[in-house]
Amino acid sequence: MNYWLLKTEPAECSIDDLAAQPIEPMVWEGVRNYQARNFLRQMHEGDEVFVYHSSCKLIGVAGTARVSRSVYPDPAQFDPKSPYFDPKSSRDSPRWEAVDVVFVQKFSQLLSLDAIKASPALEDLALVKKGNRLSVMPVSANEWQAILELAK
DNA sequence: GCCAACGTTGGC
DNA sequence: GCCAACGTTGGC
């Protein structure tokens, strides 16, 4: 079992949107960065993920979800109406990947980016490394536990 | 809106 | 394959 952090803009897909469909999986589409895509490829069914709200007022980890379907071609890349459409991609050789995730929990209080930065246990978290803008990144087992503790 | 820190593109 | 120009991310 592995742990991950997925960034999302809550205006697009928030922890509340996930919570609103506790049974139906959410298609995690639109990742358009090769390094992030390569992490998607390493995700397995059952892996747990932090849902991180970015580009918004309350920045931080809002809750957790679980991978319910491992990697498959991102349907949005084939859809001309989608903002994630990629004309250079084809069904024969898709460029981009998606996974499905299902809601697990919303933290009673969002764990802010400030609190994450202030935690010595999280100083190596990829999220707070200088210049890291990946929307999909790995989280170690220790970091996973540390964040859960801080979110209590 | 600013801007640092990237990633991507395309001419050469 | 180099690299300048350009685009994007995302916190502030």
Side-chain angles (χ1 to χ4, degrees), chain A residues 2-20 25-43 47-67 70-101 103-140 142-152:
Chain A
N2 290 309
Y3 302 103
W4 308 91
L5 183 146
L6 299 177
K7 285 185 190 170
T8 180
E9 299 189 15
E12 294 282 322
C13 175
S14 70
I15 193 74
D16 290 325
D17 294 329
L18 283 164
M26 180 74 74
V27 179
W28 207 268
E29 62 183 11
V31 172
R32 293 294 179 268
N33 170 285
Y34 288 103
Q35 209 181 334
R37 181 202 65 183
N38 293 341
F39 284 132
L40 282 182
R41 288 181 171 170
Q42 297 173 38
M43 294 173 69
D47 283 0
E48 295 189 89
V49 303
F50 285 127
V51 177
Y52 176 87
H53 286 177
S54 72
S55 297
C56 57
K57 200 152 194 173
L58 288 173
I59 298 164
V61 178
T64 72
R66 180 175 292 112
V67 177
S70 62
V71 70
Y72 61 97
D74 181 346
Q77 70 193 309
F78 308 124
D79 179 3
K81 289 180 217 150
S82 168
Y84 302 121
F85 176 63
D86 184 350
K88 293 177 183 167
S89 194
S90 71
R91 292 193 184 269
D92 288 341
S93 60
R95 285 186 158 195
W96 306 114
E97 313 274 22
V99 297
D100 288 357
V101 302
F103 174 75
V104 174
Q105 66 165 324
K106 178 183 178 179
F107 292 159
S108 54
Q109 199 177 336
L110 173 137
L111 181 64
S112 72
L113 178 58
D114 284 345
I116 291 168
K117 285 179 174 171
S119 168
L122 297 174
E123 61 184 5
D124 290 327
L125 187 69
L127 179 73
V128 295
K129 290 288 186 179
K130 190 179 173 187
N132 200 325
R133 303 173 308 167
L134 288 177
S135 59
V136 182
M137 60 183 77
V139 174
S140 75
N142 286 341
E143 289 162 349
W144 180 268
Q145 286 304 324
I147 288 173
L148 289 183
E149 282 297 316
L150 286 171
K152 277 180 184 172

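All heavy atoms count here, side chains included; hydrogens, waters and symmetry mates do not. Chain identifiers are assigned alphabetically (A, B, ...) following the order of the sequence lines, protein sequences preceding nucleic acid strands; residue numbering begins at 1 within each chain.
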Can you tell me if the side-chain N/O atoms of A:K130 get under 4.0 Å from OP1 or OP2 in B:dA4?
no
Min side-chain heavy-atom separation A:Y3-A:E143 under 4.5 Å:
no
Rounded to whole angstrom units, what separation is found between the CD1 atom of A:I59 and the P atom of C:dC12?
6 Å
Side chain of A:K7, heavy atoms from C-beta onward: which of C:dG10, C:dC12, B:dT9 has the nearest atom to it?
C:dG10
Does A:K57 have a side-chain nitrogen or oxygen under 4.0 Å from the phosphate oxygens OP1 or OP2 of C:dG10?
no
Rounded to whole angstrom units, what separation is found between the CG atom of A:L127 and the P atom of C:dG10?
10 Å
Between CE of A:M137 and C1' of B:dG7 the distance, given in whole Å, is 15 Å
A:N33 has an atom CG; how far is it from atom P of B:dT8, in whole Å?
6 Å
Can you check side chain to side chain contact (heavy atoms under 4.5 Å, CB included) on A:N2 and A:F39, steps first, answer last?
CA-CA 11 Å; A:N2 290 309; A:F39 284 132; over 6 Å; no
Scan A:E9 against the nucleic acid and name what it touches under 4.0 Å (heavy atoms): base, sugar-phosphate only, or nothing.
nothing
Any side-chain N or O of A:K117 less than 4.0 Å from the OP1 or OP2 oxygen of C:dC12?
yes
Are A:D74 and A:R32 within salt-bridge range, i.e. N to O under 4.0 Å?
yes
Pick base, sugar-phosphate or nothing for A:K129, based on heavy-atom distances below 4.0 Å to the nucleic acid.
nothing
Using a strict threshold of under 4.0 Å (side-chain N to carboxylate O), is an ion pair present between A:R95 and A:D86?
yes
Distance test, side-chain N/O of A:Y34 to OP1/OP2 of B:dC6, below 4.0 Å:
no
Whole-Å distance separating the NE2 atom of A:H53 from the P atom of C:dG11:
12 Å
Round to the nearest Å and state the distance from A:E12 atom CD to C:dG10 atom P.
12 Å
Is there a side-chain contact between A:V51 and A:F103 in this structure, where contact means two heavy atoms from C-beta onward sitting under 4.5 Å apart?
no
Between C:dG11, C:dC12, B:dG7, which nucleotide gets closest to the side-chain atoms of A:D114?
C:dC12
Which whole-number value in Å describes the distance from A:R32 CZ to C:dG10 P?
15 Å
Rounded to whole angstroms, how far apart are CG on A:L134 and P on B:dG7?
8 Å
